[in-house]
Number of protein chains: 2
Amino acid sequence: MKKKITLKHIARELEVSISTVSKALKDSAEISKDTKEKIQAFAKLYNYRPNNIALSLKNRRTKNIGVIIPEIVHHFFATVIRGIEKYANNRGYNVIICVSNESFDKEVINMEMLANGSTDGFIMALSAETEFKEDFNHLREVMEQGMPLVLFDRVTNEIDCDKVVIDDREGAYSATKKLINNGNKRIALFTTENFFSVSSEREEGYKQALLDHNYEVSENLILKLDYIDMDNKPIEDFFDREKVDAVLCVNETFGIRAIRVVQEMGLKVPEDVSLIGFTNGFLSKYSYPSLTTVDQHGGDMGEKAAQMLIDRLESEDENEIYETKVLKSTLIERESTIN
Amino acid sequence: MKKKITLKHIARELEVSISTVSKALKDSAEISKDTKEKIQAFAKLYNYRPNNIALSLKNRRTKNIGVIIPEIVHHFFATVIRGIEKYANNRGYNVIICVSNESFDKEVINMEMLANGSTDGFIMALSAETEFKEDFNHLREVMEQGMPLVLFDRVTNEIDCDKVVIDDREGAYSATKKLINNGNKRIALFTTENFFSVSSEREEGYKQALLDHNYEVSENLILKLDYIDMDNKPIEDFFDREKVDAVLCVNETFGIRAIRVVQEMGLKVPEDVSLIGFTNGFLSKYSYPSLTTVDQHGGDMGEKAAQMLIDRLESEDENEIYETKVLKSTLIERESTIN
DNA sequence: TTGTAGGCGTTATCAA
DNA sequence: TTGATAACGCCTACAA
């Protein structure tokens with residue numbers, strides 16, 4: 001196997017010095033035309049490429065962006081990554097993706113690994129366990145080492161850094177209002193444990209909409225589901241217990257599972273029960289009936305996060321004023337609600 | 001902002017030499033207990049971590065695995081990555097993921113970028129465009145530079161390297177046989193353009209099953225759908241044109257879209273039309289009715305690919321005999337077929 | 001016009 | 001027991 005060729009090889013082969021080669025390949029005016037041509041031809045022939053590692057060591061920058069997401073099998077995060085890629089590639093940055101798998105330990109390990117010279121900065125959404133433990137020391141350490149951090153979607157007030165979120169509260173508010181306007185009387189909320197920042201925001205929006213329209217807010221109508229466990233029993237029990245004609249779900253899978261349970265009980269969506277979810281993914285689009293959802297615009301979120309990070313990386317002055325960008329969400333109406 | 005601390009800082013601070021620090025932190029026997037304790041305590045206090053970049057430069061290895069996938073919003077690829085992560089992390093490797101977005105150019109750029117010192121080897125599935133163009137020079141170059149490559153799922157015979165695939169032909173064969181045994185008479189195939197290696201394999205299996213059971217193979221029953229375009233018109237036209245009672249689809253979305261179209265025509269799944277897809281993802285599980293699918297065991301595939309790559313990275317002798325591992329697929333029976 | 005030297009952070013070898 | 005030095009690949013200020 002051919003080994004990678006370096007400046008040194010070229011220099012030895014052509015009997016010039018390494019710096020001559022280096023300069024020639026940069027088309028420096030210092031080097032004579034003859035020498036340059038000779039060196040450039042040779043380099044091309046042997047397919048010379050500068051070693052990124054050496055450059056990183058020298059320049060103290062990698063031109064890599066580290067992205068840590070809780071879960072890869074998830075439409076929303078996938079679209080965010082797409083947005084990041086799109087923007088970052090344009091500005092000459094490479095995107096390195098790692099998955100925390102909702103685990104605090106894995107998140108810390110990934111971060112330390114990437115922070116040790118693999119990336120210039122981070123874009124991340126917190127893992128479930130991190131939000132639960134409220135332990136953010138790994139984020140602080142990274143920032144103290146001078147690596148900028150942009151949090152998206154799953155954020156925390158404990159850390160002062162750039163953030164991109166959607167108006168979760170407003171999204172839930174509009175969705176609930178839509179159900180109210182459709183004439184639904186008893187509107188439930190299917191959510192996760194509220195250590196998820198997004199879930200508690202959405203719960204607020206749901207409650208506020210009910211209050212503003214003189215609906216009663218009842219904890220009995222709020223069902224907290226496990227984010228890992230896929231068992232539908234709690235949902236079935238809920239529908240047995242509570243007579244509701246609409247449900248707002250804080251994510252896509254809850255919505256789809258609710259559709260399923262409703263149908264299995266012999267009821268119809270949306271005639272008997274209207275449903276709205278969050279995250280406008282394939283599931284929502286291709287379920288039957290298709291699911292009305294709050295679109296979180298993952299792509300835009302990714303682009304914005306990448307922009308904030310790169311701007312900070314490339315700005316001269318270390319300004320300590322951080323920004324939180326709030327993107328608008330959009331209600332995508334489909335078959336699971338009455339039009 | 002605190003800068004990252006290096007051996008040099010510690011050495012200067014403690015008035016010892018850099019090499020003493022280096023050795024002390026490795027708990028070398030050469031260094032006195034006193035000095036070691038002092039240095040280790042100091043390093044811990046300032047949270048010293050060796051710089052990976054420098055290590056990579058020195059060791060000529062990064063302990064990173066580059067993974068290039070065509071598409072991130074895709075359940076199958078996501079599960080493969082999970083498998084790779086799981087195995088690789090166990091063996092001390094970091095996983096770097098890049099997305100080609102089905103584009104040849106992006107695949108080449110990603111590869112060159114990662115090959116320039118960011119990774120020790122590659123695991124990848126070819127982009128649609130690469131399979132179409134049949135241009136594999138970037139793969140050859142990387143291999144010539146001594147970086148091992150493991151292809152999975154979307155592979156090519158043009159490149160001699162380790163590969164992991166499922167028995168696509170056998171999977172399609174079994175699925176078709178299932179439909180035949182259920183008494184279906186006119187069985188269609190919804191596939192992509194056949195430059196996709198997996199699609200043509202699956203088509204072979206479908207045809208073989210028909211032949212083996214004295215069914216007629218008709219090109220009229222084979223519908224080729226665009227892999228990007230989500231328009232259902234061709235599917236509707238097909239059902240208008242051809243009277244079929246079963247369809248084998250080469251992926252999950254085709255299956256789901258087919259369910260949708262069938263239902264919109266007022267027909268029932270599986271009573272009027274039975275359906276089987278490939279890829280056992282959320283869509284299959286949560287569609288209504290749920291979709292019978294051929295499970296490709298993405299997780300196992302990822303683990304196997306990672307194992308093959310790391311074994312090759314760590315083996316002393318450069319053996320040039322490459323292996324193609326074929327994993328068994330499994331038919332997951334759900335509601336879209338008669339049981 | 002070309003070459004030398006030093007440095008980025010680390011480790012291994014050898015000298016003190 | 002500790003330290004100096006060279007090397008990994010690259011770049012650049014400066015010397016020749």
Side-chain angles (χ1 to χ4, degrees), chain A residues 3-40 42-43 46-64 112-113 115-120 145-147, chain B residues 2-40 42-43 46-64 113 115-120 145-147:
Chain A
K3 270 288 148 216
K4 275 213 71 155
I5 191 165
T6 68
L7 291 183
K8 196 160 144 183
H9 294 131
I10 303 182
R12 196 187 307 133
E13 211 62 37
L14 264 38
E15 297 183 310
V16 292
S17 80
I18 294 178
S19 50
T20 304
V21 177
S22 173
K23 286 170 189 163
L25 292 177
K26 300 202 115 57
D27 224 8
S28 157
E30 288 180 25
I31 308 296
S32 73
K33 195 149 162 277
D34 271 10
T35 319
K36 275 202 288 200
E37 276 171 4
K38 194 174 61 178
I39 292 176
Q40 286 170 359
F42 188 90
Y46 284 94
N47 202 6
Y48 169 80
R49 295 264 188 294
N51 180 321
N52 282 337
I53 291 262
L55 286 179
S56 301
L57 185 58
K58 177 119 194 71
N59 301 331
R60 264 79 171 301
R61 46 186 294 172
T62 62
K63 282 264 190 177
N64 286 162
E112 290 198 343
M113 209 155 40
N116 269 334
S118 297
T119 44
D120 299 338
Q145 284 172 20
M147 313 188 74
Chain B
K2 229 185 342 187
K3 270 287 149 219
K4 273 211 71 153
I5 190 164
T6 68
L7 292 183
K8 198 161 146 180
H9 297 330
I10 303 182
R12 198 187 305 133
E13 212 62 37
L14 263 39
E15 298 183 308
V16 290
S17 79
I18 295 179
S19 40
T20 303
V21 178
S22 173
K23 285 171 190 162
L25 292 177
K26 299 205 116 55
D27 224 7
S28 159
E30 288 179 27
I31 308 295
S32 73
K33 196 151 159 279
D34 272 10
T35 320
K36 275 201 290 200
E37 276 170 4
K38 193 176 60 179
I39 292 176
Q40 286 169 1
F42 189 91
Y46 285 94
N47 203 4
Y48 169 79
R49 295 266 188 292
N51 179 321
N52 282 336
I53 292 261
L55 286 179
S56 300
L57 184 58
K58 181 118 193 71
N59 301 330
R60 265 89 164 297
R61 46 186 296 173
T62 61
K63 282 265 188 175
N64 285 161
M113 209 155 39
N116 272 333
S118 298
T119 45
D120 299 337
Q145 285 174 19
M147 313 189 75

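So that the names make sense, note that chain A is the first sequence line, chain B the second, and so on, each numbered from 1.
Two residues are said to be in side-chain contact when any heavy atoms from C-beta on lie closer than 4.5 Å; B:Met147 and A:Lys4 fail this criterion. For the pair B:Ile39 and B:Val16, the minimum side-chain heavy-atom distance is below 4.5 Å.
A donor-acceptor contact shorter than 3.5 Å is absent between the side chain of A:Lys36 and the backbone of A:Leu25. At distances below 3.5 Å, not a single donor-acceptor pair connects side-chain atoms of A:Glu30 with backbone N or O atoms of A:Lys23. Judged by distance alone, with hydrogens and angles left aside, the side-chain atoms of A:Asn59 form no donor-acceptor pair with the main-chain N or O of A:Arg61 at under 3.5 Å.
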Under 3.5 Å, which protein N or O atoms sit close to an N or O of nucleotides 1-4 of chain D? Give each pair with its distance.
residue	atom	partner	partner atom	Å
D:dT2	OP1	B:Ser32	OG	3.3
D:dT2	OP1	B:Thr35	OG1	2.6
D:dT2	OP2	B:Ser32	N	2.8
D:dT2	OP2	B:Ser32	OG	3.2
D:dT2	OP2	B:Thr35	OG1	3.1
D:dT2	O4	B:Glu30	OE1	3.4
D:dG3	OP2	B:Ser17	N	2.9
D:dG3	OP2	B:Ser17	OG	3.4
D:dG3	OP2	B:Thr20	OG1	2.4
D:dG3	O6	B:Lys23	NZ	2.2
D:dA4	N7	B:Ser19	OG	3.1
D:dA4	N6	B:Ser19	OG	3.0

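No side-chain donor-acceptor contact under 3.5 Å links B:Lys63 and B:Asn52. Between the side chains of B:Gln40 and B:Asp27, at least one donor N or O lies within less than 3.5 Å of an accepting N or O. B:Ser22 and B:Ser19 share no side-chain donor-acceptor pair at under 3.5 Å.
In this structure, A:Tyr48 does not reach the D:dG9 phosphate: none of its side-chain N or O atoms is under 4.0 Å from OP1 or OP2.
Rounding to whole angstrom units, CG of residue A:Asn52 and C1' of D:dC10 are separated by 11 Å. Remark: P of D:dC8 and CG of A:Leu57 are 14 Å apart, rounded to the nearest angstrom.
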(message) Between B:Asp120 and B:Asn64, is the side chain to side chain contact (heavy atoms under 4.5 Å, CB included) condition met? List the steps.
(response) CA-CA 6 Å; B:Asp120 299 337; B:Asn64 285 161; 5.8 Å; no

(request) Could you walk me through whether A:Ile5 and A:Phe42 pass the side chain to side chain contact (heavy atoms under 4.5 Å, CB included) test, one step at a time? (result) CA-CA 11 Å; A:Ile5 191 165; A:Phe42 188 90; 4.2 Å; yes

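Using a 4.0 Å cutoff to heavy atoms of chain B, the contacted part of DNA chain C runs 5' to 3' from C:dC8 to C:dC14.
The stretch residues 5-12 of chain A comes close to DNA chain D through A:Thr6, A:Leu7, A:Lys8, each having a heavy atom under 4.0 Å from the strand.
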